[in-house]
Amino acid sequence: MSVPVTSRRHVLQATALGVAALATGCAAIGGNAKPRVVVVGGGWGGLGAVRGLLAAGAADVTLVEPNESFMSCPLSAHFIAGFQPASDFQRSYARVDQLGARRVRERVLEIDRTKREVVTGTQRLPYDFLVLSLGVDYMEESIQGYAEARAQLPVGFRAFEQMAVRQQVDEFLVKGGNFVISAPKPPYRCPPAPYERAFLIAEQMKQRGTKGKIIIVDANPNPMPMPISKPILNGMKSLYSAQIEYMPNVDIRAVDMGKRQLKTSDGDIPFAHANLVLPMRAPALIRQAGLGERWAAVKLPSFQTQADDRIYVIGDAQGTPLPKSGHVAFGSGQQVAEAIAERIAGKTPVVATGAVDLPLGICWANVTHSEAININVSSTVSPGEPPKLKFTVDPEHNARSGAAAMSWGTGMWKAMLG
């Protein structure tokens with residue numbers, strides 16, 4: 001399968017760095033040594049950047065990622081609900097190693113922009129260009145009592161956290177009761193995911209005869225984003241009316257694990273198990289480095305940070321209206337890799353005069369294990385204007401999209417790690 005990736009004809013447009021800035025960047029490298037590019041984060045965005053940089057061959061590439069292997073968040077609801085093993089969504093970083101990237105298995109503690117160094121627990125990694133694909137952090141303070149209950153209420157929106165959510169689901173399918181799944185107000189990683197989890201767990205309830213119900217507590221008036229609302233609500237009504245109770249416009253304010261009770265804007269809700277999907281923000285490293293507040297402040301279409309044009313932020317930590325999805329992250333990683341290679345070559349960027357294509361978003365929301373809703377988002381940006389997004393969404397779940405979702409995942413994982 002060929003992996004669809006956004007057109008990058010205008011990847012350098014609107015960067016407006018100027019020839020002098022490029023010359024300065026090259027002069028800092030010195031001699032015949034290759035420029036040093038450090039990529040922080042070995043998820044979809046980071047791997048898109050690493051593979052693009054290695055293919056270009058213009059830089060020494062270091063990937064900083066604390067996990068020894070990769071686990072996909074996209075499509076992992078099939079594991080969480082018990083339909084597929086975790087191994088279906090895991091891959092080795094061996095191919096990245098073979099292609100010549102230096103891989104550092106540590107956490108980044110600090111970014112020293114003055115010295116152009118990434119600081120870990122044991123070393124300082126110098127860079128000429130830095131790509132941050134940091135993912136998301138959870139705003140635990142948004143729900144009173146959550147921090148104390150963290151171990152019992154895993155969110156599962158970061159790699160390998162799905163294991164703890166799977167344990168909650170397994171217990172629920174045996175014991176029954178109320179299983180609460182919450183959806184926060186956007187922006188957050190993969191907006192269809194809370195509803196997808198509810199669907200696949202409900203399918204297991206029907207197959208196993210589990211007594212109880214899934215309560216979706218949604219801070220929004222409808223499933224988000226709005227273009228997917230109708231097919232998501234249709235899936236609830238047509239397939240899971242006996243298993244899913246949908247509560248829109250309800251905010252969770254506090255959790256009491258002793259009483260197993262949620263305090264909400266619509267009263268108290270008792271629960272046996274819960275998967276509270278918290279509001280999200282960029283990890284603290286963004287704020288430490290002065291690159292933004294809740295999200296990293298970046299310029300489009302380049303994804304350079306507003307504070308430092310040698311640093312790019314891609315994936316879910318960047319603060320634009322683009323979907324926080326794996327496909328967008330991978331596409332922006334490839335785009336940034338090409339832009340860095342062009343900068344190293346000293347090519348003059350072209351200033352955009354019209355609309356520029358942004359990374360394409362392709363997403364899938366499974367309603368059953370074999371049927372899904374396909375969601376495509378195309379985006380453009382014009383100078384001085386906010387991005388324009390266009391959604392193309394299946395009107396209802398279908399088997400064709402269910403099969404295509406898995407084929408898409410296999411193709412993307414191969415592009416990243418094959």
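- Taking 4.0 Å as the cut-off between side-chain N and carboxylate O, Asp268 and Lys259 do not count as a salt-bridged pair.
- Here the shortest heavy-atom pairing between Lys34 and Ala59 reads CD-C, 3.9 Å.
- Between the CZ atom of Phe330 and the CZ atom of Arg51 there is a distance of 8.0 Å, given to the nearest 0.5 Å.
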Less than 3.5 Å apart, which donor and acceptor atoms pair up between the side chains of residues 220-229 and the rest of the protein, not counting sequence neighbours?
unit_1, atom_1, unit_2, atom_2, d
Asn220, ND2, Pro184, O, 3.0
Asn220, ND2, Asp218, OD1, 2.9

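- Smallest separation of non-hydrogen atoms from Pro187 and Lys324: CB-CE, 3.8 Å.
- Annotation: the span from Ile216 atom CD1 to Met247 atom CE amounts to 11.5 Å, rounded to 0.5 Å.
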If you look only at distance, which donor and acceptor atoms sit under 3.5 Å apart when one is on a side chain in residues 62-88 and the other is two or more places apart or in another chain?
unit_1, atom_1, unit_2, atom_2, d
Glu65, OE1, Gly42, N, 2.8
Glu65, OE2, Asn67, N, 2.9
Glu65, OE2, Asn67, ND2, 3.2
Glu68, OE1, Arg105, NH1, 3.3
Ser72, OG, Pro74, O, 2.8
Ser72, OG, Trp413, NE1, 3.3
Ser76, OG, Cys73, O, 2.7
Ser76, OG, Gln162, NE2, 3.2
His78, ND1, His369, ND1, 2.9
His78, NE2, Asn366, OD1, 3.2
Gln84, NE2, Asp88, OD2, 2.8

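- In terms of modelled atom types and a separation under 3.5 Å, the side chain of Gln306 and the main chain of Leu291 share no donor-acceptor contact.
- Electrostatic pairing of Arg103 and Asp97 counts as a salt bridge here, judged by a charged N lying under 4.0 Å from a carboxylate O.
- Ionic pairing of Glu141 and Arg281 is present here: one or more N-O contacts between side-chain nitrogen and carboxylate oxygen are shorter than 4.0 angstrom.
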Quick one, Glu148 with Met257, criterion side chain to side chain contact (heavy atoms under 4.5 Å, CB included). Give me CA distance, side-chain angles, the key distance, then yes/no.
CA-CA 9 Å; Glu148 294 77 13; Met257 285 304 299; over 6 Å; no
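- Leu47 CG to Leu54 CG: the interatomic distance, rounded to the nearest 0.5 Å, is 10.0 Å.
- The existence of a salt bridge linking Asp112 and Arg116 is excluded, since no basic side-chain nitrogen approaches an acidic carboxylate oxygen closer than 4.0 Å.
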Go through the steps for Thr380 and Val356 under the test side chain to side chain contact (heavy atoms under 4.5 Å, CB included), then give the verdict.
CA-CA 5 Å; Thr380 61; Val356 177; over 6 Å; no
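- Put simply, CG on Asp308 and OH on Tyr312 are 10.0 Å apart, with the number rounded to the nearest 0.5 Å.
- Of all the heavy atoms in Trp295 and Asp316, the pair that sits closest is CZ3-O, 3.2 Å.
- Under the 4.0 Å criterion applied to side-chain N and carboxylate O atoms, Asp309 and Lys299 are not assigned as salt-bridge partners.
- When all heavy atoms of Pro395 and Pro231 are compared, the pair lying nearest together is O-CB, 3.5 Å.
- Every residue two or more places apart in sequence or in another chain was checked for a ring-ring contact (aromatic ring centres under 6.0 Å, His included) with Phe303, and none qualifies.
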Would you please test Tyr240 and Phe199 for ring pair (Phe, Tyr, Trp, His ring centres under 6.0 Å) and show each step?
CA-CA 8 Å; Tyr240 305 117; Phe199 286 148; 5.7 Å; yes
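- By the 4.0 Å N-to-carboxylate-O rule, Arg287 lies too far from Glu293 to be salt-bridged with it.
- The closest donor-acceptor contact from the side chain of Asp128 to the backbone of Pro35 lies at 3.5 Å or more, if one exists at all.
- Minimum interatomic distance between Ser265 and Asn249 (heavy atoms only, all atoms of both residues): OG-O, 4.0 Å.
- Of the candidates Gln152, Gln167, Glu171, Glu171 is the only one forming a side chain to side chain donor-acceptor pair (under 3.5 Å) with His273.
- Residue-environment remark: CD (Gln144) stays at or below the threshold of 12 foreign heavy atoms within 6.0 Å.
- Checking Ser401 against Glu371 by side-chain atom types alone, no donor-acceptor pair falls below 3.5 Å.
- Contact of the Arg113 side chain with the Ile311 side chain is registered, since non-hydrogen atoms from C-beta on lie closer than 4.5 Å.
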Please assess Val169 against Phe179 for the test side chain to side chain contact (heavy atoms under 4.5 Å, CB included), listing each intermediate value before the final yes or no.
CA-CA 8 Å; Val169 172; Phe179 193 115; 4.0 Å; yes
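- There is no side-chain donor-acceptor pair under 3.5 Å between Trp44 and His327.
- Each of Val217, Ile181, Val180 was scored for a side-chain contact (heavy atoms from CB on, under 4.5 Å) with Leu276, with one residue passing: Val180.
- Pairing each heavy atom of Ala282 with each of Ala317, the nearest pair is CB-O, 3.8 Å.
- Checked by atom type and distance alone, the side chain of Arg189 pairs as donor or acceptor with a backbone atom of Phe157 at under 3.5 Å.
- Expressed to the nearest 0.5 Å, how far CD1 of Ile286 lies from CG of Leu134 amounts to 5.0 Å.
- In this structure, the separation between CD1 on Ile111 and CG on Leu125 is 11.0 Å, given to the nearest 0.5 Å.
- For the residue pair Glu161 and Tyr138, a side-chain donor N or O sits within less than 3.5 Å of a side-chain acceptor on the partner.
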Pair Phe391-Ile375, side chain to side chain contact (heavy atoms under 4.5 Å, CB included): steps then yes or no:
CA-CA 7 Å; Phe391 284 79; Ile375 307 156; 4.2 Å; yes
